[in-house]
Structure formats: C-alpha cells, structure tokens
Amino acid sequence: SRLVVAVYVKSADPESFFAKHLAEKRAKAICNQLIRAGLEPRRVEGRAVVIDAPVLIDPDDRPGRYNQAIELIPADR
C-alpha cells in the first residue's frame, strides 16, 4: 500500500510561490523521515496544498492558530 503526505498551508494568495515552496519543502522532509524509518520510497508521496481559508477550526476561537496542517492519507484501500 501507499501513503500520501498532504501538507496544507494557509495563504491569502493561493498562488503564492513562498507558501507553495514551504508546503513542498515540509512534505519532502516528512517523506524523507518516513523513508529513513523504513518505508520504501516508492510507497511514499508528498503533496503540497495551499488554501486561502483556515485549515482547521480553532476550538478556542483564536484566529491564525491553525494555518498549517499535515495529513497522512492511505492511497490504497
């Protein structure tokens, strides 16, 4: 089975080069750690996602707290 590492970053401009670069760099770093931990490289894929809304809803209603998230998604079910 395969695993997708999705890295979400909030940016006012979804076409932002910096936000996309940050998300890609983070996804690659997480994939590399998983490979070092023993997963086969062909089974791990990183994806960068830039969105213009908060990634998660803050239960304490503090704006700006959840502007980044990481999700591990099984690709084969």
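Keep in mind the model is a prediction, meaning the values are calculated, not measured.
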### side-chain contact (heavy atoms from CB on, under 4.5 Å) against Ala19, all qualifying residues, sequence neighbours excluded
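Ala19 satisfies side-chain contact (heavy atoms from CB on, under 4.5 Å) with Val9, Ser11, Ser16, Val50 only.
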
### Message
Going by the rule salt bridge (charged side-chain N to carboxylate O under 4.0 Å, His left out), which residues pair with Glu45 if we only count those two or more places apart in sequence or in a different chain?
### Response
Arg2, Arg47

### Task
Only counting residues at least two apart or in another chain, list the ones meeting salt bridge (charged side-chain N to carboxylate O under 4.0 Å, His left out) with Glu15.
none

### Query
Can you find a heavy atom in the side chain of Val5 that is under 4.5 Å from one in the side chain of Leu72?
yes

### Query
Are Leu3 and Ile73 side-chain neighbours, meaning at least one heavy-atom pair lies under 4.5 Å?
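Sidechains of Ile73 and Leu3: no contact.
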
Can you give each donor-acceptor pair under 3.5 Å made by side-chain atoms of residues 22-38, sequence neighbours left out, with the distance rounded to 0.1 Å?
from: Arg26; atom 1: NH1; to: Gln68; atom 2: OE1; distance (Å): 2.4
from: Arg26; atom 1: NH2; to: Gln68; atom 2: OE1; distance (Å): 3.2
from: Asn32; atom 1: ND2; to: Lys28; atom 2: O; distance (Å): 3.3

### Query
Between CD1 of Ile70 and OH of Tyr8, what distance do you get to the nearest 0.5 Å?
11.0 Å

